[in-house]
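Encoded as structure tokens, the structure appears first; notes follow it.
Indexing begins at 1, ligand by ligand and atom by atom, following the structure's order.
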Amino acid sequence: MGERLVLIGNGMAGIRTLEEIIKKDPARYSMTVFGEEPHPNYNRILLSSVLQGDADVNDIVLNDYDWYAENGVILYTGDPVIKVDTKKQIVYSSKGIECPYDKLIFATGSNPFMLPLPGADKEGVIAFRNIKDCETMIETSKNYKKAAVIGGGLLGLEAARGLLNLNMKVDVIHISNTLMERQLDEPAGKMLQEELEGQGMNFLLEAQTESIIGRDRVQGLRFKDGTSIQADLVVMAVGIKPNIDLAKKTGLKTERAIVVDDYMQTSIKNVYAVGECAEHRGIAYGLVAPLYEQGKVLAEHICASEPMTKPGYQGSIVYTQLKVSGVDVFSAGRFQDNSETKAIRVHDEFEGIYKKVVVQDNKIVGAVLFGDTGDSPRLLNMMRSGEDISQMSKVAILPSENSGTRESPVVAMADGETICGCNGVSKGDICSAITDQGLTSVEQVKQCTNAGRSCGGCKPLIADLLTLTTGESVANAKEPMCSCTEFSHEEVVAEIRELGLSHPREVMNVLGWESDEGCSKCRPAINYYLKMVDPIKNQDDPTSRFINERAHANINHNGTFTVVPRMYGGVTNAAQLRKIAEVADKYDVPLLKVTGGQRIDLVGIDKDNLPKVWKDLDMRSGSAYAKALRTVKTCVGAQFCRFGTQDSIGLGIELEKKFEYINTPHKVKMAVSACPRNCAESGIKDFGVVGVDGGWELYVAGNGGVDLRAGELFCKVKEKDELIDIISSFMQYYREHARYLERTSHFVERVGLDHMKKVILEDTEGRNALIERMDLALSTGKDPWKEIIENEEKQSEYKKNNIEVLQ
Ligand SMILES: Cc1cc2nc3c(=O)[nH]c(=O)nc-3n(C[C@H](O)[C@H](O)[C@H](O)COP(=O)(O)OP(=O)(O)OC[C@H]3O[C@@H](n4cnc5c(N)ncnc54)[C@H](O)[C@@H]3O)c2cc1C
Ligand SMILES: NC(=O)c1ccc[n+]([C@@H]2O[C@H](COP(=O)([O-])OP(=O)(O)OC[C@H]3O[C@@H](n4cnc5c(N)ncnc54)[C@H](O)[C@@H]3O)[C@@H](O)[C@H]2O)c1
Ligand code: SF4
Ligand code: FES
């Protein structure tokens with residue numbers, strides 16, 4: 001039995017410290033952890049990803065309960081320490097546990113700062129700090145639609161992005177005249193604002209909230225200038241304050257936080273502090289990188305057999321990156337210039353790129369990058385090493401994108417330079433791990449080195465390093481499909497082909513899945529792959545589909561459904577419109593809505609009425625719910641428009657009829673415009689066609705959603721039939737090689753447009769084979785509405801399958 005170590009606070013800094021101790025000397029301490037939250041240690045940083053819909057709460061657990069058990073760590077969750085007796089060396093928990101210690105670590109983190117406004121205690125006023133806050137926002141978005149976020153800093157903007165993803169309207173109330181003024185100068189702040197406005201955020205700058213209005217629940221905000229706004233949810237994100245109430249009560253010396261020396265020792269013997277609750281040389285940090293450095297020093301200190309002589313923690317140069325998709329922002333050090341500094345600036349208004357490097361005494365002391373953050377690892381390393389730049393050409397410090405090849409920044413980095421800032425892992429550490437242990441995926445590098453384990457911002461660099469070190473693209477490297485299996489998507493497809501597997505359960509059984517039922521990640525994927533591999537033999541398994549695809553309609557937040565009938569190329573007629581009107585009257589449809597894809601939504605239909613509605617409409621399913629071709633949007637084109645050079649409507653209808661019920665890894669949207677004025681928005685579709693004099697241009701891999709991406713010109717052809725063949729073969733290649741739920745935009749980024757050109761445009765034999773396989777798959781496509789209406793067996797299967805919900 002070792003010495004007794006007690007940790008107060010089951011969060012990121014505290015548990016990382018225990019990990020470091022276990023790594024150094026696993027038998028040294030018997031460890032007990034008290035946590036106020038009812039969870040094992042999780043990645044607080046990724047709460048933003050959970051809110052933004054990119055991760056699940058289960059995905060962000062850093063140390064599961066097994067980890068505590070395997071390492072002999074006793075864990076009390078949901079049981080805060082309420083008192084510490086430093087004379088008797090005992091801590092007391094809220095549930096009455098008395099736990100003696102030889103060494104005690106405070107890692108109590110911070111609390112969000114809540115503005116003491118009148119009305120701040122109303123229901124619907126929350127912070128964004130823990131899983132509970134995240135869940136409250138997700139729940140609220142189901143019943144309310146207007147959110148206000150107070151604070152335009154990192155946290156506020158990440159919360160606002162998440163709330164937009166939850167379909168709420170979001171106002172961000174910010175006290176300063178530029179966003180993230182603690183990290184960005186004015187030009188970068190303004191560019192950020194423009195970008196986020198484009199994503200749908202509304203900003204009220206230089207706004208001072210006076211009170212929160214409403215009865216029991218918040219209804220709005222009133223400002224000092226007398227104006228007000230409505231809000232059903234208010235998220236305060238105006239900074240944090242170290243959580244030091246217990247430390248103060250215990251008698252530890254505190255200023256803004258618990259005062260510690262270079263070994264994280266507090267003012268009382270055998271009591272240490274680490275993380276956001278600690279103040280070192282006057283600074284209490286609010287980002288994980290410095291907190292992990294502190295944890296490492298503390299572990300070394302309390303595991304040392306002799307008093308440590310080497311220097312302890314020296315403070316950190318911190319940097320920040322905003323975790324909002326489509327926005328590249330980086331800020332480090334002293335980014336504002338003054339009379340003692342000089343700055344190097346690049347501002348490309350065409351490309352939306354801004355870079356500023358602040359220099360003092362020939363050393364880089366700060367940097368702001370917007371729009372292109374590729375230089376950030378290099379600049380950060382130059383800052384950290386205090387490199388003398390007097391002999392360097394200043395232009396070389398910020399090379400323009402076009403001045404060289406688009407080589408990954410990792411190529412030029414020295415082995416000692418940092419790749420993962422959060423976890424302090426260098427290029428050399430990662431390369432050695434890759435070669436010594438034969439690592440092939442980012443996930444394996446993460447497990448082995450901790451790189452990529454926090455904000456995840458360094459993962460693209462790790463992927464580049466894997467490619468560089470193994471000579472193999474990480475596109476081919478192994479990433480398990482989900483936590484039920486070690487098999488990657490590619491391996492599952494290969495096994496299905498090789499073993500001739502034909503049902504999701506068979507796949508899971510034969511390949512030794514960890515759970516019999518699989519999960520919501522693997523089951524729909526396997527179902528898709530089976531049908532893709534053998535469209536004739538393998539049958540669809542509706543129980544492995546998400547609710548919308550099982551119901552053949554889109555579920556709404558109140559449990560009703562939206563029905564969207566097919567209108568080829570966005571063209572309709574009086575008879576169809578009359579039918580829609582009759583159905584709307586007969587079933588009291590609360591909302592008829594014209595969609596961005598040129599269709600008509602019938603919103604708010606009860607589930608039990610769906611087959612009746614389809615029958616009465618007597619139109620085909622518009623696949624608005626499916627991972628399939630959704631719509632082909634068309635412009636008026638040569639038939640009527642005076643600019644039209646081609647028959648866009650004719651081609652649009654032909655494309656939609658050809659591909660209407662083909663399953664794809666993710667939804668596919670198309671558009672056909674008859675001239676480069678592009679009225680059908682062909683530039684942001686998976687397949688966008690533009691008519692030009694003497695032919696057609698095809699743009700691919702565009703996306704108009706969250707990850708806005710312009711389509712790239714793939715080819716120009718004269719004949720319509722050749723164009724259709726190219727689309728057909730491209731789509732079949734995507735069907736066969738993309739991972740399930742990978743949009744064409746991500747797929748093309750992964751495999752490269754040049755690769756696609758080689759496969760489709762240069763290899764005629766390969767292209768013909770793809771077309772043949774596509775035609776075979778197309779021959780099995782059926783209108784699911786018609787099948788259900790006409791076949792009683794299908795009707796009962798439909799009813800049965802829609803009871804169990806795979807959301
Ligand atoms: C949404 C969000 C996004 C973020 N994004 C980033 C990012 O991109 N990059 C970055 O570097 N940082 C980011 N951060 C900040 C980062 O998460 C924190 O710096 C880090 O979690 C602090 O670690 P900590 O251990 O000091 O505190 P915490 O992780 O807060 O852990 C402290 C724990 O102690 C518990 N506790 C408190 N008092 C007691 C008591 N008396 N008894 C028992 N337990 C107690 C608390 O409940 C808490 O679980 C983000 C934070 C949030 C909220
Ligand atoms: N990507 C990341 O690195 C990331 C993401 C989220 C959170 N965090 C960390 O979490 C902590 C909390 O983040 P934060 O954004 O709340 O803190 P912050 O201090 O960085 O920003 C708070 C912002 O709120 C504004 N503000 C203050 N009072 C206001 C008022 N009355 N009305 C309107 N605006 C007001 C400030 O001007 C400031 O820009 C920080 O330590 C941050 O570093 C980091
Ligand atoms: S894209 Fe060209 S042809 Fe089509 S409607 Fe617009 S202007 Fe007319
Ligand atoms: S930089 Fe954040 S996890 Fe690597």
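In Leu291, the part holding a heavy atom less than 4.0 Å from any atom of ligand 1 is the side chain. Residue-level proximity to ligand 1 for Phe128 is carried by backbone and side chain together, each with a heavy atom below 4.0 angstrom.
Applying the 6.0 Å contact sphere to CD of Gln265 captures more than 12 heavy atoms from other residues, nucleotides or ligands. Within a 6.0 Å radius of CD in Glu194, no more than 12 heavy atoms belonging to other residues, nucleotides or ligands are found. Annotation for Arg384: atom CZ counts as buried by contact number, over 12 foreign heavy atoms lying within 6.0 Å. Atom NZ of Lys241 has more than 12 neighbouring heavy atoms from other residues, nucleotides or ligands inside a 6.0 Å radius. No more than 12 heavy-atom neighbours from other residues, nucleotides or ligands sit within 6.0 angstrom of NZ on Lys296.
A pairwise comparison of heavy atoms in Val61 and Pro40 identifies CG1-CG, 4.1 Å as the closest pair.
Each of the following atoms of ligand 4 lies closer than 4.0 Å to a heavy atom of Gly452: 3 (S), 4 (Fe). Atoms of ligand 4 lying under 4.0 Å from any heavy atom of Cys455, numbered from 1 in the order shown and given with element: 1 (S), 2 (Fe), 3 (S). For ligand 1 and Arg129, the ligand atoms under 4.0 Å from any heavy atom of the residue are 27 (O), 28 (P), 30 (O), 53 (C). Near Gly421, meaning under 4.0 Å from any of its heavy atoms, are these atoms of ligand 4: 1 (S). Interface of Ser454 with ligand 4, defined as ligand atoms under 4.0 Å from a residue heavy atom, comprises 3 (S). Short contacts between ligand 4 and Tyr319, defined as distances under 4.0 Å to a heavy atom of the residue, involve ligand atoms 1 (S). Applying the 4.0 Å criterion to heavy atoms of Met12 picks out, from ligand 1, the atoms 17 (O), 21 (O), 23 (O), 25 (O), 29 (O). Residue Phe34 approaches ligand 1 through these ligand atoms, each under 4.0 Å from one of its heavy atoms: 43 (C), 44 (N). Close approach of ligand 4 to Cys422 is summarised as follows: ligand atoms under 4.0 Å from at least one heavy atom of the residue are 1 (S), 2 (Fe), 3 (S). Ligand 1 places these atoms under 4.0 Å from at least one heavy atom of Gly35: 43 (C), 44 (N). For ligand 1, the atoms sitting less than 4.0 Å from at least one non-hydrogen atom of Gly275 are 26 (O), numbered in the order shown with element in parentheses. Against a heavy-atom cut-off of under 4.0 Å, Leu155 is close to the following atoms of ligand 1: 1 (C), 2 (C), 52 (C), 53 (C). Per-residue contacts place Val81 under 4.0 angstrom from the following atoms of ligand 1 (heavy atoms of the residue considered): 40 (C), 41 (N), 42 (N), 43 (C).
Each of Leu115, Ile150, Gly151, Gly153, Leu154, Leu155, Glu158, Ile173, His174, Ile175, Glu181, Arg182, Gln183, Ala237, Val238, Gly239, Ile240, Gly286, Leu287, Gln321, Lys323 has a non-hydrogen atom positioned under 4.0 Å from some atom of ligand 2.
No side-chain donor-acceptor contact under 3.5 Å links Glu37 and Asn130. Using modelled atom types, one finds no donor on one side chain facing an acceptor on the other under 3.5 Å when comparing Asp429 with Thr449. Side-chain contact, Arg16 with Asn423: a donor N or O sits under 3.5 Å from an acceptor N or O. In summary, the side chains of Ser110 and Glu276 do present a donor paired with an acceptor at a separation below 3.5 Å, with no hydrogens or angles considered. With no hydrogens or angles considered, no side-chain donor-acceptor pair links Gln294 and Tyr285 at under 3.5 Å. Side chain to side chain, Asn63 and Glu19 meet the donor-acceptor criterion of an N or O pair below 3.5 Å. Counting only N and O atoms by type, the side chains of Asp185 and Tyr354 include a donor and acceptor under 3.5 Å apart. Defined by atom type and a distance below 3.5 Å, a donor-acceptor pair is missing between the side-chain atoms of Asn10 and Asn41.
At under 3.5 Å, not a single nitrogen or oxygen of Ser48, backbone or side chain, sits near a nitrogen or oxygen of ligand 1. In terms of polar-atom proximity, Gln321 is not counted as a contact of ligand 1, lacking any N or O under 3.5 Å from an N or O of the ligand. Looking at ligand 1, you'll find an N or O of Asn243 within less than 3.5 Å of one of its N or O atoms. At a 3.5 angstrom cut-off on N or O pairs, Ala13 counts as close to ligand 1.
Within the 3.5 Å criterion, the main-chain N or O of Leu439 finds no donor-acceptor partner in the side chain of Gln444. In terms of modelled atom types and a separation under 3.5 Å, the side chain of Thr418 and the main chain of Gly421 share no donor-acceptor contact.
Salt-bridge check for Glu158 with Arg161: failed, with every basic side-chain N at 4.0 Å or more from each acidic carboxylate O.
To the nearest 10 degrees, the angle centred on atom 4 (Fe) of ligand 4 between SG in Cys458 and SG in Cys420 reads 110°.
Remark: distances from the non-hydrogen atoms of Gly456 to ligand 4 include one below 4.0 Å. Contact analysis puts Gly286 in contact with ligand 1, with a non-hydrogen atom separation below 4.0 angstrom.
The shortest contact between atom 31 (O) of ligand 1 and any protein heavy atom is with Gly11 CA, 3.3 Å. Residue, atom and distance of the protein heavy atom nearest to atom 5 (N) of ligand 1 are Lys323 NZ, 2.8 Å. For atom 27 (O) of ligand 1, the closest non-hydrogen atom on the protein side is Gly109 CA, 3.3 Å. In this structure, atom 46 (C) of ligand 1 lies nearest to the protein heavy atom Glu37 OE2, 4.2 Å. With hydrogens left out, the protein atom closest to atom 13 (C) of ligand 1 is Ile45 CG1, 3.5 Å, a heavy atom. For atom 32 (C) of ligand 1, the closest heavy atom belonging to the protein is Ala107 O, 3.5 Å. Among protein heavy atoms, the minimum distance from atom 44 (N) of ligand 1 is reached at Glu36 N, 3.1 Å. Regarding atom 26 (O) of ligand 1, its nearest protein heavy-atom neighbour is Glu276 N, 2.9 Å.
Expressed to the nearest 0.5 Å, how far CZ of Phe106 lies from CG of Asn243 amounts to 10.0 Å. Note that CG of Leu157 and CE of Met201 are 6.0 Å apart. Values are rounded to the nearest 0.5 Å.
For the side chain to side chain contact (heavy atoms under 4.5 Å, CB included) with Cys99, the qualifying choice from Ile90, Val91, Ile74 is Val91, the only one to do so. Among the candidates Ile150, Leu205, Val238, the single residue satisfying the side chain to side chain contact (heavy atoms under 4.5 Å, CB included) test with His174 is Leu205.
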